[in-house]
Amino acid sequence: MSTLAPVYSPVAIEEKWYAYWMKHGLFRSKPDDREPYAIVIPPPNVTGVLHMGHMLNNTIQDVLVRRARMLGKNACWVPGTDHASIATEAKVVEKLAAEGVKKTDLTREAFLEHAWEWTRRHGGIILEQLKRLGASCDWERTGFTMSPDYSRSVIRAFVDLYRQGKIYRGVRMVNWDPQAQTALSDEEVVYREQQGKLYYLRYRVSGAPAAEGAGAAPPASHPDYIVVATTRPETIFGDTAVCVNPRDERYRRLKGKTLIVPLINREVPVVEDEYVDPEFGTGCLKVTPAHDVNDYRLGEKFGLEAVDIFNDDGTLSEKAQLYVGQDRFEVRRQLEHDLAAAGLLEKVEDYVNKVGFSERTNAAIEPKLSLQWFVRMAELAEPALAAVVDDDVLIFPPKFKNTYRHWMENIKDWCISRQLWWGHRIPAWYLPQGGVVVAETPEEALAAAKEKTKNPNLSLADLRQDEDCLDTWFSSWLWPIAVFDPNVAGNPEADPNKDLQYYYPTADLVTAPEILFFWVARMIMAGYEWAGGYPFRNVYLTGIVRDRMGRKMSKSLGNSPDPIALIEKYGADSVRLGMLLTSPAGNDLPFNETLCEQGRNFCNKIWNVFRLIKGWEPSNSEPQPEHARIAVEWFAALLCKTVQSVADDFDKYRLSEALMELYKLYWDEFSGWYLEIIKPQQGRHPDKKTYAATLSIFDAMLRLLHPFMPFITEELWQNLAERREGESLMAALQPFAQEFDRDVLTSFERAKQVVSGIRSIRKEKGIPGREPLTLLFRGSLPPAAVAIVGKLANVEQVTGVAENTEPLCASFLVDTTELYVPLGSLVNVEEERQKLEAELAHFRKFLRSVQAKLSNEKFVSSAPESIVAIERKKQRDAEAKIASLEELMNKLKTN
RNA sequence: GGGAGCUUAGCUCAGCUGGUUUAGAGCAUCUGCCUUACAAGCAGAGGGUCGGGGGUUCGAACCCCUCAGCUCCCACCA
């Protein structure tokens, strides 16, 4: 009798096996002659902590990697972290602020000192958390996007693109984050609907008399004024024109006139452009070239001055003339009063419009003209677009292929400079007399500068390096290349090293759809640019983890459970199951702790099966009983079928379905049917043959389950037999798909129906399981049924009869075989009759529909032969069943 | 404004080329059981006119049209 506890406790077991796997280098991967299988982790922020999204994402990666390893591939999962320029810098700034230190008071060097300190303190926590999950990463390969090697890759890539003319510097309208005080790429801006106001402002026509204040406000249609609608009145100080549609009759009189901007009294021209929608607002558009993308275009077209009225922190600058130094939103509020007081505010309406916010700091984005570095994308995008369109890179689920194509076909240049310190500093040096050199090192920059200026006396002190850093994604787009060979990116002459040759392209990339453009698309571009081809063959896009109310889990909402707390409560295997039980690729995962409970229950089930088996010893004296022989034969076939369909599920990235299949195989088929059949009586042991077969089946199931639940399967596998030190389930092979006999499966399914039929009768009649029954049948029964009813339904005797002569029976049908359970007085004839009547009605109706189909000439002539044959069989079966039911009915009547 | 997708049992989803589907699964629910591996369990049961309407077809959850609702992505309407 086993002394193991009836409840599985994961904590100590998980720790033990993770340490064991590490100790024996089982996560390690080096190039050899096996087929390679590589995954690079989407590097989490270096100072981040694990959240539910990571949990889902990394569980999927671990399942894929562990399975690949067990299929005999050389599996390599490369972990690492991202320096996350803006996110990390924001955290450091916040931390310093809490200590009363302003970033602006520090030198760049001093600030970086703090940032590195922060990174050392918090860096890598998330990787330790991944270990709790069971992640089988090759930790010796842990990368960091700001390690010295990696930084060299990034800088080299910049220099290379610059030399090719694919990077340029210029003044463009960019998304300005006034809180972080940096430019952002278009992808870093999120638009949200905001309840705002639409302000109708009066612009006086030049030469017309000025208003005298609120009381003297002219009527709306006054010829001396026009009315302009805007959501951002504070930008009027940057107005350099007013634009109307040339076809707009209402404003024909303004042609060639100038207008007076309210409060600051700047005289601006009226320009005409089709861009303006006469239907919107008043049909007059104020033009602020420095603070609106469209206005910028109008400004370029009409040669208007761009007056930048904002400071970098979002306060008004000297150029605004009024409200200087005040915050933009405060000015907006004040203006409403001040304009009204001046008689220049016609009306204010509530208005919903979309406003851009910084993805990182959540500050309202200010479109702003500024001098930034850009990557020219058109040429880079070409092969990356083709890769996906031509299916060299497959995206799961495939609906994202369209999204990808649309973005790539309309790609815009990428603003890569950030006004931050934490990151890769732009390798550009400005010359004393103007001009710039771009080089990998200061020394090379100096040499280039000397050549460019023809001045051999130039020194490093004369050069001024660009203050800005590169966008984080400008480094992470090199990830699948640089983690294997940091010398290749940006270096056309470099020969790829062994690692890159072997592992590249990687097999699968698992990530969230939200970074399809940020990261996935750009990695593909970088792959073609520097590594000769795409970086991964398959992209698996996960869904978003949501709470019960369907909200995205986020720190700010506080609706996300702490993954580590969940692991401590339920065990890592249970949480992994919870993540995978209901999340097909691309579908959101509505998370609920009950999913972890379900996982825990399953672990417990597995554990108890093990307790049962562990308590057995093979008995040499016993011959194998027929029921056990049949169970073994059946389960072997079922196992083969499952191995095949699980393989098929994996090919299609249907991980949840693969898991569910194994879940049911283990719980229903193995525990519920197989073990109940072969289980010897209490205190006895199974025969040698059955025992061996059971161990081997259990072993196969542990292998199949291991990628999903690595800890418990390893624990049980290690205890199932003597193992050598260093031996591990994770290094074992998956069961191979073999041919199997489908007839074995169908006969067994019929046998199950017989058992269920008898159990149903017991339940209905309230006959306890202990009371043995007799079973009569008319027709054919598979041997399996005869073999197992004794064990599973406590049937003492099974007898085939030509005709049922027992007077009082409960009866049921399995296919067309009639089964009778003699019950004497327990039978209520009327009840039985009603039951049969209902069944008869059902089959008669069904038969009519089949007959209708078959008597339809068009069906018989146009449907394929095989389909007609199926219908004929349905007809025969239904007829036979009806005959059998009628027979049962007759018996009931005659009795 | 453009594009993509979704709507099947109380919940989450399968249903792949229209016919072996007489619509399935897991969870939840209900009923009966502390049966000697497991009550985190066992046995049994109920639950759906496949979002509405129309069409194509011998045949529709599946194809077409239309209406309604939901989600996501992209876009410069002040």
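In what follows, chains are A, B, ... by sequence order, proteins preceding strands, each numbered from 1.
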Spacing of A:Gln681 atom CD relative to B:rA37 atom C1', expressed in whole Å: 16 Å
Whole-Å gap separating P (B:rC6) and CG (A:Asp588): 14 Å
P spacing across the pair B:rC70 / B:rA23, given as an integer number of angstrom: 32 Å
Centroid-centroid distance, A:Tyr674 to A:Phe670, less than 6.0 Å: yes
Secondary-structure stems for RNA chain B, with pairs counted as Watson-Crick or G-U when both distances are under 3.5 Å and runs at least 3 long: B:1-7 with B:68-74, B:10-13 with B:24-27, B:29-33 with B:41-45, B:51-55 with B:63-67
Interatomic distance at P, B:rG44 relative to B:rG26, whole Å: 13 Å
Proximal nucleotide (of B:rA75, B:rA40, B:rA78) relative to the A:Tyr351 side chain: B:rA78
Protein-nucleotide distance (A:Asn856, atom CG; B:rC58, atom P), rounded to Å: 9 Å
Donor on one side chain, acceptor on other, A:Asn175 and A:Asp186, under 3.5 Å: yes
Nearest-Å distance once atom C1' is located in both B:rA28 and B:rU12: 11 Å
Sugar-phosphate only, base, or nothing, as touched by A:Arg762 at under 4.0 Å among non-hydrogen atoms: nothing
Presence of A:Lys874 side-chain N/O under 4.0 Å of B:rU22 phosphate oxygens OP1/OP2: yes
Student check: side-chain heavy atoms of A:Met701 and A:Leu662 closer than 4.5 Å: no
Spacing between A:Lys763 atom NZ and B:rG44 atom C1', to the nearest angstrom: 5 Å
Ring-on-base stacking B:rC58 with A:Phe859 (under 5.5 Å, under 30°): no
OP1 or OP2 of B:rG41 under 4.0 Å from side-chain N/O of A:Asn601: yes
A:Trp616 six-ring centre to A:Arg684 NZ/CZ under 6.0 Å and within 45° of normal: no
Closest to the A:Arg770 side chain, choosing from B:rA14, B:rC38, B:rU35: B:rU35
Among B:rC73, B:rG19, B:rG26, the one nearest A:Phe517 by side-chain distance: B:rC73
Nearest to side-chain heavy atoms of A:Arg759, which nucleotide of B:rG44, B:rG15, B:rC58: B:rG44
Any A:Tyr663 side-chain nitrogen or oxygen under 4.0 Å from OP1 or OP2 of B:rC27: yes
Mutual orientation of the aromatic rings belonging to A:Phe602 and A:Trp667 [parallel < 30°, tilted 30-60°, perpendicular > 60°]: parallel
Ring center gap for A:Phe610 and A:Tyr8 short of 6.0 angstrom: no
B:rA14 and B:rG54, which share atom name C1', separated by this distance in whole Å: 28 Å
Sugar-phosphate only, base, or nothing, as touched by A:Glu871 at under 4.0 Å among non-hydrogen atoms: nothing
Lys/Arg cation over aromatic A:Phe859: A:Lys853, 6.0 Å, 45° cone: yes
